[in-house]
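As structure tokens, the structure follows; a few thoughts come after it.
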Amino acid sequence: MALAVTLVLIAVGAVVFHFVSPWQLTPIASNWHAMDDALWLTFVITGVAFVVLHLFVAYALVRFRHRAGHRASAAHGNRRLEWWLIAVTTAGIIGLLAPGLVVYAKLIDPPASAQVFEVMGRQWQWHYRLPGQDGKLGGASTRFITGANPFGIDPKDAHGQDDVLVQGQELHLPLNRPALALLRAQDTLHDFYVPQFRTRMNMVPGMTTQFWFTPERTGRYEVLCAQLCGVGHSNMRGWVVIDEPAAYAEWLAQQPTFAGASSGGAGGSGAPGSSGLPGAPGGPAEPGKVGQLLAQQKGCMACHSVDGSRGVGPSWKGLYGSTEALEGGATAKVDDAYLRQAINAPQASVVRGYPPVMPPAGLTDAELAAVVDYIKTVR
């Protein structure tokens, strides 16, 4: 009897918890209300099955419990019951799968007016690219990928010269205009996921995946990676900002193009006509400021903290001038030469206690000097 009561309490408690739980869906910010409808239908079907099965087992425990003078009799085969079970199970499976297939088919079929943007996932940062004035993204290939050209844009493709390369981990999109996301991965499996948009899609190295959505609310929404892509997976975060059209146009005008960045003198970063380093069109006014912006843009902060907390890599707080213990028993004084090697050839000296997962940053001499200057200021 106690087990039967427990099963009833579990069934009732699960239903009550579902409605009073603080972990509810975030307010939707795109046109994919069908995603929520499909999710609720799944909850209803699985919830009804969960409650019915628990109550049936509880009933069976009470109804067929052992009682003195009663003996069980064996009975085999009940076609009527079997047909009922087949029909109910089939209806349940169709109800679970059919709505998702319909929604998914629409999700990957964008309208012709959709604005294209490309997302490149890389441990552990996002890179964004938008078409330029010609409205077309230039061709790209893995053989062109470098630290300064994370998309691998073909430098000889005329369509790629005006491609807009978004600075940093924040992408802006205009309100109420369909947006088509083209997704690529540089190293391993990632997943571009913005909970408020109700959309996500795997990013697979060697292929391009896609989905589309129409933003319906202005705001700043966090981008997450929904695949366990490595030890720094939890740090792989960015932002999508939905702007009114005028604000979006203003932001877009501030982003560099591929041709402009390539001629910026710093290997691919910085707006056209600048010094080539982000945020430094006339030189930095604050020591280490350029390096700080550059470290944020390149995704260094995903693995290295500046407050002493442990990350995927050593914290930069008080790092300069210290002595690092390396794998193999050696030690190294952290000076300019050490930092330059650690940033652009990290496998040459792996710090003890940290995984050898950092790829070469591929920074130019100017960028490298700026980042080293910034690390010196982190005390």
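Atom set for the values below is all heavy atoms of this structure, side chains included, hydrogens, waters and symmetry mates excluded.
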Donor-acceptor under 3.5 Å (Gln123 side chain, Cys229 main chain): yes
Check: Phe151 main-chain N/O paired with Arg184 side-chain donor or acceptor under 3.5 Å: yes
Validation row: Leu7, Leu61 side chains within 4.5 angstrom (heavy atoms): yes
Backbone of Gln133 reached by a side-chain donor or acceptor of Asp162 within 3.5 Å: yes
hydrophobic_cluster_shared for Phe43 and Phe19, side chain cutoff 4.5 Å: no
Donor-acceptor contact below 3.5 Å, side chain Lys136 vs main chain Pro131: no
Same cluster (ILVMFWY, side-chain, under 4.5 Å), Ile343 and Tyr354: yes
Gln255 side-chain N/O to Val164 backbone N/O, donor-acceptor pair under 3.5 Å: no
From CA spacing to verdict: side-chain contact (heavy atoms from CB on, under 4.5 Å), Val312, Trp124: CA-CA 10 Å; Val312 178; Trp124 290 280; 4.1 Å; yes
Under 3.5 Å donor-acceptor, Thr89 side chain and Ile86 backbone: no
Pair Tyr128 + Phe117: ring centers closer than 6.0 Å: no
Linked, directly or transitively: Val119 and Met207 (ILVMFWY side chains, under 4.5 Å): no
Any donor-acceptor N/O pair, Gln227 side chain to Met203 backbone, under 3.5 Å: no
SB check Arg122 Asp187 (cutoff 4.0 Å): no
Main-chain N/O of Gly139 paired to Asp157 side chain as donor or acceptor, under 3.5 Å: yes
Val194 reachable from Leu182 in the ILVMFWY side-chain graph, under 4.5 Å edges: yes
Parallel, tilted or perpendicular: rings of His304 and Trp316 (30°, 60°): parallel
Flag if over 12 foreign heavy atoms under 6.0 Å of CZ, Arg379: yes
Stepwise ring pair (Phe, Tyr, Trp, His ring centres under 6.0 Å) test for Trp32 and Trp212: CA-CA 10 Å; Trp32 285 113; Trp212 73 277; 5.4 Å; yes
Other residues, nucleotides, ligands: >12 heavy atoms within 6.0 Å of Gln341 CD: yes
His54 (side chain) donor-acceptor with Phe50 (main chain) under 3.5 angstrom: yes
Side chain to side chain, Val241 and Leu173, heavy atoms closer than 4.5 Å: no
Side-chain donor-acceptor contact under 3.5 Å, Thr323 with Thr331: no
Joint cluster assignment, Tyr104 & Ile45, ILVMFWY side-chain distance < 4.5 Å: no
Set of residues satisfying salt bridge (Lys or Arg N to Asp or Glu O under 4.0 Å) with respect to Glu170, sequence neighbours excluded: Arg220
Heavy-atom side-chain proximity of Trp239 to Tyr221 below 4.5 angstrom: no
His33 vs Trp40, ring pair (Phe, Tyr, Trp, His ring centres under 6.0 Å): CA-CA, chis, key distance, verdict: CA-CA 11 Å; His33 301 267; Trp40 275 109; over 10 Å; no
salt_bridge(Arg200, Asp191) N-O dist < 4.0 Å: yes
Between Gln125 and His127, a side-chain donor and acceptor under 3.5 Å: yes
Asn344 and its side-chain contact (heavy atoms from CB on, under 4.5 Å) partner, picked from Thr364, Asp365, Leu339, Leu363: Leu363
Lys/Arg N to Asp/Glu carboxylate O, Asp336 vs Lys376, below 4.0 Å: yes
Ring geometry between His172 and Trp251 (parallel below 30°, tilted from 30 to 60°, perpendicular above 60°): parallel
Donor-acceptor pair, side chain of Asn31 and main chain of Thr214, under 3.5 angstrom: yes
